[in-house]
Visitor: 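The structure is given below, and queries will be raised subsequently.
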Amino acid sequence: MKPIRLPEPPSPTSRGVPDIFEVGFLGAFIRRAVVIGNGSPSSENQSLGLVRALGLADKHALYRVTRPRGGINEWLHWLPVSFHKILYYLIKQIILLTSRRKKLTPLPSENGGHGLGLASVLEADVKHIVGMARDTFEKDGPLLVVASGRDTISIASSIKRLASQNVFVVQIQHPRSNLNRFDLVITPQHDYYPLTPHAQQQIPQFLRRWITPREPPDRHVVLTVGALHQIDSAALRSAASAWHDDFAPLPKPLLVVNVGGPTRNCRYGADLARQLTTCLLSVLASCGSVRISFSDRTPEKVSYMIAKELGNNPKVYIWDGLEPNPQMGHLAWADAFVVTADSVSLISEACSTGKPVYVMGAERCTWKLSEFHKSLRERGVVRPFTGSEDMSETWSYPPLNDTAEAARRVNEALAERGWRLRP
C-alpha cells in the first residue's frame, strides 16, 4: 500500500489565501500528539517510541490512567478501571462507617485520582482531551492519540467515539475486541497465537469463544515481531557519546546481562538464577567485562543469588538501581547481550542493535510468549544461552525495525484519510 501524495497547499501569503488550507480541503496537518499511559514503563515506552519515530517527540503530552493502589487494590486489577474505583470507594466508605467515622471521602474521578504518586502527570480525562481536540482543531489541526495497555482502551475508544473528526487514535497492544473502535491497532504477531491450530488444540471447545483475539487481523491492524521502543540509530549514537567516559575504558568484549522477573507465561525462581550464574561463570574467560542489571520485577532471591556468586568478580559490575539508568549506554556499548526470556521489551530493544542476543529461560515460557521466542529463533535474531559460548566471537542479523515500520504504517493510514504529519 503506497501512501497518497497530497498536493502542497498554496502559501498563505500569496494572493491572500486563507489559513483554511492548513486544516481544510487539501488535507490537515498533525502537529501534536497525546500519549495515554497506564503507569507501566514498558507499556508507555511503546507509545513514546512510536511518537518519537513519527517526529513528535517534542510535541506530545503524557496523560495517565491511574488506579487505587495498595492493600486490596492489588487483587482488583482485573476489573475495568472505572468499576475498580467505584468498588474501592464503596469499600472505603464501609470501613469508615463501621469505624464510626462520619465524614465520607469524595469519589475518585472516573479517569484517575490524585494522591497516587502521579501528581506530576496529567490525568487521562476523556472530556478534557476531547474538548482540546475540538477547540484547537482549526488552529493546530488533528490530534494524534497513542495509547498502550489494557487500562487505556476505554479512554482511547471514548475519545475516538466523541471526536472522530478531530483525532486519529492508535491503540498499541491487542484491545481484545471491537478493533473498529480505533483508527489503527499495533500489536505483536504473537498476540494472535490463540488462533493458530496448535493453540486451538490447547483450548477446550467451550472456552474458545472467550479467548482473545477471536478474529484474524484486518487491514487496520499492524503486526510487529516484538515491542515498540525508543531505540534507533540516532538514539544509540547519542547514548554512545553520553556514556563514553563510563564504557569506553572497559575491557572488551563487553557482555550486558538484563535480568527481568517471572510472569504468568514465563515462570521461574532461584532455579533460573542458579542456571544463569553457572553459565556466566563458564563464559567469563572470554569476556572482558560483564555488566548486570535487574528490573523492578526481579525477585529478591534471584538478585541475591546472582550478586552472591558474581558480585566479587573483578570483571563483573552489578548496577545498584540508582539513577542514572545505564540501559541506553548498555545498548550503545555492549558487544553482546544475555536477557531473561520473560521480557519482550528488553529483548526487543537488544535485537534492534543487530548485536548478538542470547536468551536465558525460553524453554520455561508458555502460550504466546513461547511463540514470540520461536519467531525470533527462526529469524536468526536470538540464540539460547548455554554457557558454552565464546564471547570473543560475534554474529549479526538484520536488526528488528518494528517501530520504524509501525510509524510508516501510521503515515499510510493518515494519508488515506487526507491527513499527514507536519514536517
Side-chain angles (χ1 to χ4, degrees), residues 41-42 45 229 231 236 239-240 242-263 266 268-353 355-362 364-365 382-394:
S42 60
N45 188 45
H229 49 73
I231 310 304
L236 291 174
W243 289 90
H244 177 274
D245 292 346
D246 295 88
F247 291 101
L250 295 179
K252 294 287 189 174
L254 169 60
L255 175 65
V256 167
V257 181
N258 287 318
V259 183
T263 64
C266 194
Y268 62 83
D271 53 341
L272 186 71
R274 283 190 290 270
Q275 182 183 353
L276 177 58
T277 53
T278 299
C279 291
L280 288 174
L281 288 169
S282 297
V283 301
L284 271 179
S286 62
C287 293
S289 309
V290 177
R291 304 265 306 195
I292 301 176
S293 294
F294 302 114
S295 78
D296 293 338
R297 296 185 297 105
T298 308
E300 186 176 348
K301 59 183 178 182
V302 171
S303 57
Y304 174 79
M305 180 173 294
I306 294 174
K308 181 181 177 182
E309 294 295 329
L310 296 167
N312 293 325
N313 192 295
K315 287 187 176 183
V316 177
Y317 172 84
I318 299 177
W319 178 48
D320 56 13
L322 300 178
E323 294 294 335
N325 189 323
Q327 173 67 358
M328 289 300 301
H330 286 168
L331 291 169
W333 284 94
D335 296 295
F337 302 90
V338 171
V339 189
T340 54
D342 55 272
S343 180
V344 174
S345 297
L346 288 174
I347 293 172
S348 299
E349 288 183 353
C351 291
S352 71
T353 66
K355 302 173 185 178
V357 178
Y358 298 95
V359 175
M360 169 61 70
R364 301 165 187 263
C365 297
V382 302
R383 296 179 184 179
F385 185 49
T386 64
S388 61
E389 294 81 6
D390 182 349
M391 291 301 168
S392 63
E393 297 179 359
T394 190

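Bear in mind the structure is a predicted one, so any value in this text is a computation, not a measurement.
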Visitor: So that I can tick it off, tell me whether Lys252 and Asp335 are bridged by a salt bridge, with the cut-off set at under 4.0 angstrom between side-chain N and carboxylate O.
Guide: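 The answer is yes: the pair qualifies as a salt bridge.
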Visitor: Considering all heavy atoms of both residues, which atom of Ser286 and which atom of Asp390 are nearest to each other, and what is their separation?
Guide: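 Shortest heavy-atom contact: CB-OD1, 3.3 Å.
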Visitor: Taking all non-hydrogen atoms of both residues, which atom of Val339 and which atom of Ala350 are closest, and how far apart?
Guide: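 The answer is CG2-CB, 4.5 Å.
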Visitor: Distance check, rounded to the nearest 0.5 Å: Cys279 atom SG versus Arg274 atom CZ?
Guide: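 Taking SG in Cys279 and CZ in Arg274, the distance rounds to 13.0 Å.
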Visitor: A quick test of your reading: do over 12 heavy atoms of other residues, nucleotides or ligands sit less than 6.0 Å from CG of Asp320?
Guide: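 Yes - once you tally the heavy atoms of other residues, nucleotides and ligands closer than 6.0 Å, there are more than 12.
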Visitor: Could you tell me if the side chain of Arg297 sits less than 4.5 Å from the side chain of Thr263, heavy atoms only?
Guide: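 Side-chain contact under 4.5 Å: yes.
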Visitor: Between Val338 and Leu276, is the side chain to side chain contact (heavy atoms under 4.5 Å, CB included) condition met? List the steps.
Guide: CA-CA 9 Å; Val338 171; Leu276 177 58; 4.1 Å; yes
Visitor: Has Glu389 got a side-chain atom pairing as donor or acceptor with Gly387's backbone, closer than 3.5 angstrom?
Guide: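 Such a contact is found between Glu389 side chain and Gly387 backbone.
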Visitor: Less than 4.5 Å apart, side chain to side chain, heavy atoms only: is that true for Tyr268 and Cys365?
Guide: no
Visitor: Does any non-hydrogen side-chain atom of Lys315 lie less than 4.5 Å from one of Ser289?
Guide: no
Visitor: Any chance you could lay out the side-chain hydrogen bond (donor to acceptor under 3.5 Å, both in side chains) test for Ser343 and Ser345, step after step, and finish with the verdict?
Guide: CA-CA 5 Å; Ser343 180; Ser345 297; 5.0 Å; no
Visitor: Please find the pair of heavy atoms, one from Ala239 and one from Met328, that lie closest to each other, and give the distance.
Guide: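 Heavy atoms only, the tightest pair is CB-O, 3.5 Å.
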Visitor: Is the closest side-chain heavy-atom distance between Arg383 and Pro356 below 4.5 Å?
Guide: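 Result no, sub-4.5 Å side-chain heavy-atom pair not found.
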Visitor: So, does Asp342 use its side chain to make a donor-acceptor pair with the main chain of Gly261 at under 3.5 Å?
Guide: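 Between the backbone of Gly261 and the side chain of Asp342 there is a qualifying donor-acceptor contact (under 3.5 Å).
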Visitor: Using 0.5 Å steps for rounding, measure from the SG atom of Cys287 to the CG atom of Leu254.
Guide: 8.5 Å
Visitor: Between Phe337 and His330, is the gap from one ring center to the other below 6.0 Å?
Guide: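 Not close enough - the centres of the two rings lie 6.0 Å or further apart.
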Visitor: Less than 4.5 Å apart, side chain to side chain, heavy atoms only: is that true for Pro326 and Trp243?
Guide: yes
Visitor: Are Trp333 and His244 close enough that their ring centres sit under 6.0 Å apart?
Guide: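 Centroid separation for Trp333 and His244: below 6.0 Å.
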Visitor: Side chains of Leu284 and Met391: closer than 4.5 Å at any heavy-atom pair?
Guide: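 No - every pair of side-chain heavy atoms lies 4.5 Å or more apart.
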Visitor: Just by distance, do the side chain of Thr298 and the backbone of Phe294 share a donor-acceptor pair under 3.5 Å?
Guide: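 Judged by distance alone, no pair lies under 3.5 Å.
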Visitor: Could you measure the distance from the OG atom of Ser42 to the CG atom of Leu346? Nearest 0.5 Å is fine.
Guide: 8.5 Å
Visitor: Closest approach of Ala270 and Lys301, non-hydrogen atoms and distance?
Guide: N-CE, 4.2 Å
Visitor: Applying side chain to side chain contact (heavy atoms under 4.5 Å, CB included), run through Val302 and Leu272 and close with a yes or a no.
Guide: CA-CA 8 Å; Val302 171; Leu272 186 71; over 6 Å; no
Visitor: Are the side chains of Ile306 and Ile292 in touch, meaning some heavy atoms are under 4.5 Å apart?
Guide: yes
Visitor: Spell out, as yes or no, whether a donor-acceptor pair under 3.5 Å connects the side chain of Thr277 to the backbone of Glu309.
Guide: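 Flag not set: sc Thr277 to bb Glu309 has no pair under 3.5 Å.
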Visitor: Supply the atom-to-atom distance Leu331 CG to Ile231 CD1, rounded to the nearest 0.5 angstrom.
Guide: 5.0 Å
Visitor: What residue among Val256, Val257, Leu250, Ile318 forms side-chain contact (heavy atoms from CB on, under 4.5 Å) with Val290?
Guide: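 Among the candidates, only Val257 passes.
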Visitor: Using only atom types and a distance under 3.5 Å, with no angle test, would you say the side chain of Ser282 pairs donor to acceptor with the backbone of Ser388?
Guide: no
Visitor: Taking atom types as modelled, find out whether Asn258 and Glu349 have a side-chain donor-acceptor pair closer than 3.5 angstrom.
Guide: no
Visitor: State which residues pass salt bridge (charged side-chain N to carboxylate O under 4.0 Å, His left out) with Lys308; sequence neighbours excluded, sorted by chain then number.
Guide: none
Visitor: Ignoring hydrogens, what is the shortest heavy-atom contact between Ser295 and Gly260? Give both atom names and the distance.
Guide: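 Smallest heavy-atom distance, with atoms named: OG-CA, 3.5 Å.
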Visitor: Hey, what do you get for OG1 (Thr386) to CD (Gln275), rounding to the nearest 0.5 Å?
Guide: 10.0 Å
Visitor: Which atom names give the shortest non-hydrogen contact between Val316 and Leu310, and what distance separates them?
Guide: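 Closest approach of Val316 to Leu310, heavy atoms only: CB-O, 3.5 Å.
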Visitor: With a 4.5 Å cut-off on side-chain heavy atoms, are Asp271 and Arg364 touching?
Guide: yes
